[in-house]
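Single-structure report; data block below.
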Amino acid sequence: MASPAPLPPAEVDPGARLVLAEHLLACESAVASARAVVEWLTRRHGAPAACVGPLEGAGASACLASEGLTGAQQAALARAWDAHGAPLAALRGRPGARWLPADAVEGAGMPGGFLAVPLGRAGAPAAALLVVGLPGPAVPEDVAWVASCAGPLLARQLAPDARAPRRPEPDRLLRRVINAVSDPVLLTDTGGTLLFANARAEALLVADPDSSPGRTRAVQLNQRVFRETLAQGGTTVHRREVPLVDPLEGMDLIFELVSTPVLAPDGPSVVVSVLRNLTDLGRATQALGESYRRLRATEREARSERHRLDRVLDSVADPIILTDPTGGMVMMNDPAERLFAWPHEEGSASEGPAGEAVLRRVRANDALFASFLANLLGPVNAGVSRWKSQLTLDDPATGAPVPMEAMANKVLGDGGELTGIVTVFHDRTEVLERARLLERVKEVSSELEARVQAATAELAEQNEKLRRQAIQLEQASAAKSQFLANMSHEFRTPLNAILGYTNMLLQGVSGEMTPPQRRNLTRIDSNGRHLLEVINEILDITRIEAGRMPLHLSDFGIPELLQEVMAEMDPIIARSKLAVETRLDEGLPGVWSDRQKVKQIVLNLLSNALKFTHEGGVQVLAEYQNATGTVAISVKDTGIGIDVSNQEKIFEDFQQVDSSPTRAYGGTGLGLSICRRLAEMIGGRVSLQSAPGQGSTFTLHFPRRARRT
Ligand code: ADP
């Protein structure tokens, strides 16, 4: 165990405390510290002094150092300090100095009394006692200072583990030098046991008993890591990185450990280790690496962004050119390259006269583009941010003119400075073609319009003509109807008179006639009746056409109506010798229609059936068709029948199947046409089913309830 150098002679200057403090720092044992304190106080105050504390191995206190006291006095003080309940021992648990009279400690015998000062850490029981032979209770400032300074030191040095055999100490100067080194420096044996550590190394690898559990754990961890790293070094100079923990802050630290075995003549005995803190360096390297990685990532991003931009630009069908602030081309997409770039690809027609033509056109396009860009470049145009113009470029490959609309936009930097110009071209060929087509369509449509107008005018003229003709026809028809009506009337009156007189003559009013006279008169009568029939029918038609035959709607029953018809036709039926029967549907309802017109139609159909049937019979059938709400009255005969080719014709005015002068059947050819008109007036129609030699069926269909039209 090394002791500090002896204290310098007592000094009274202010630096004396510093001297003692430095001296105490160098003291490695409690005895050395106690001696330094006692000597210093004795020299300061010229009074006897002693320091009592636990003596290692003895189990009791002893005088660690004393000045001016006999051995008996020292032993008495040590006993009194250990004697529980005695006034001196009572000071163990009570901080602060106390003055005791000379007889307070038996055998100590300090004339005039003494100051008893407990030494130790604040808040803990005293570890030792300082005694200074001073005559009064006043505690000199120096004594209080010494107690506060040396107390914690002695307490540490007197602690059981501190009293263990101490490691060999290097030379004091060397210790100071090593302590002054800013890196942690350690001296260990070859097994890694710590022999000496400077203050910085202690902070990392030494925990004192008062250390917090956290710090203690951190130190233990550091010790283990340090020992393991050291063990890898062997007997050569060894350089390694050691990850340690800052026991105070808990932060991870990286050190470079340089351990150098110091060889003794009989082999390596100790290892000197220096730790260099690389944490900041590591952090800086890490930060550098990080920013390098970021830089690479940004670069990659920028490159892929550029590729993406290229792809986007190339996918645009319109040519796009990016130029720098001086108008130099920086980038262009494929469509722009076709117009403004000389084709370098292998196999392209870049040589010969054709190649020269291509080059000439590309140059012409470039020149046009440059003069277009001049509108945005230069200080004069600083205020212009975009420029639009129409250019006619040449297709370098074919020489065909390409009408383009160019739109250039300035690209400004963050500071508003011009960084480039983006020009987008738009091919106007299609637009122009569309405009041309539109123009043509307009021309054609105006031609068409003129033609339509002319045709419309012609049509209007024709319409007007037709209208006039229609009026004329109407007037003519009305005149004809009027004429026929008048004529019929004019015919009927004298004809009736003729028939009347003929009848009277035949009845013998004017005397008996000879058979030839009677025969002739009968002929006059029959022809007169035929003429009357014709006149009556013409009168009916003209009345219908002139609208002078109004509808008279009423409720009536079909059976009664048919009975009447049969009664009226009875003489003719009897003459015909045909079987005529009437068959009525069971559920035949009453009808609301023009009874007279229905009767006239049925009479006409029945008289025709009787006329054109020579054998067999005639059936009159009536039925109601619920689904359509119509009544159907059919006159079915077994007569001569009508060929299909005549079935339409016979419904027209004056039309007969046989209209020759030698025809076998009489008649006017007006009956069916009157029937058709009458049927239409009551909202119905007349249908026919017939075949030559197989008879005919004429059917009147009419609504059960007629609507007035
Ligand atoms: P008309 O009987 O006075 O000649 P209609 O107009 O009544 O005039 O008939 C026109 C023609 O239709 C008849 O001349 C006849 O040729 C044909 N016709 C009409 N009814 C029948 C019938 N039941 N069977 C055969 N032919 C008929």
Give the C-alpha distance, both sets of side-chain angles, the deciding distance and a yes or no for side-chain contact (heavy atoms from CB on, under 4.5 Å) between L253 and L204. CA-CA 10 Å; L253 302 171; L204 286 169; 4.2 Å; yes
Quick one: does S273's side chain have a donor or acceptor within less than 3.5 Å of a partner on L186's backbone? no
Side-chain heavy atoms of L275 within contact of D183, under 4.5 Å: no
Are there over 12 heavy-atom neighbours, none belonging to D252, within less than 6.0 Å of that residue's CG? no
Can you tell if the side chain of R200 reaches within under 4.5 Å of the side chain of S182, non-hydrogen atoms only? yes
Check: L69 main-chain N/O paired with Q74 side-chain donor or acceptor under 3.5 Å: yes
Heavy-atom pair with the smallest gap, counting every atom of R215 and L248: NH1-CG, 4.2 Å
Compare all side-chain heavy atoms of L377 with those of P325 and state whether any distance is below 4.5 angstrom. no
What do you reckon, is CD of E141 surrounded by more than 12 foreign heavy atoms closer than 6.0 Å? no
Are there over 12 heavy-atom neighbours, none belonging to E301, within less than 6.0 Å of that residue's CD? no
Answer yes or no: does atom CZ of R121 have more than 12 heavy-atom neighbours from other residues, nucleotides or ligands under 6.0 Å? yes
Output, in order, the C-alpha distance, side-chain angles, deciding distance and verdict of side-chain contact (heavy atoms from CB on, under 4.5 Å) for M329 and D366. CA-CA 10 Å; M329 290 196 191; D366 284 346; 3.7 Å; yes
Measure from the side-chain N and O atoms of T423 to the backbone N and O of M407, and report whether any donor-acceptor pair falls under 3.5 Å. no
Is there a side-chain contact between L77 and L88, using heavy atoms and a 4.5 Å cut-off? yes
To the closest 0.5 Å, what do you measure between CG (L257) and CZ (F226)? 5.5 Å
Between F369 and T323, is there a side-chain heavy-atom distance shorter than 4.5 Å? yes
Between the side chain of R240 and the main-chain N/O of S259, is any donor-acceptor distance below 3.5 Å? no
Do the side chain of D318 and the main chain of V424 share a donor and acceptor less than 3.5 angstrom apart? no
Applying side-chain contact (heavy atoms from CB on, under 4.5 Å), run through T279 and M251 and close with a yes or a no. CA-CA 10 Å; T279 311; M251 273 168 31; 5.8 Å; no
Derivation and outcome, side-chain contact (heavy atoms from CB on, under 4.5 Å), residues H45 and D142: CA-CA 9 Å; H45 296 283; D142 281 350; 3.8 Å; yes
Q157 (side chain) donor-acceptor with C27 (main chain) under 3.5 angstrom: yes
Answer whether the closest heavy-atom distance between the side chains of L119 and V37 falls below 4.5 Å. no
So, for A147 and P152, which heavy atoms are closest and what is the spacing to 0.1 Å? O-CD, 4.2 Å
Minimum-distance pair of heavy atoms, taken over all atoms of C51 and A128: SG-CB, 4.4 Å
Could you check whether atom CZ of R92 has more than 12 heavy atoms from other residues, nucleotides or ligands sitting under 6.0 Å from it? yes
Under the 3.5 angstrom rule, does the side chain of N222 hit a backbone N or O of L205 as a donor-acceptor pair? no
Closer than 3.5 angstrom, by distance alone: can the side chain of K388 be matched with the main-chain N or O of E405 as a donor-acceptor pair? no
Closest non-hydrogen atom pair between A341 and V362, with its separation: O-CG2, 3.8 Å
Side chains of L187 and V271: does their closest heavy-atom pair fall under 4.5 Å? no
Main-chain N/O of I320 paired with N333 side-chain donor or acceptor, under 3.5 Å: yes
Note, R227 side chain near L230 side chain (heavy atom, < 4.5 Å): no
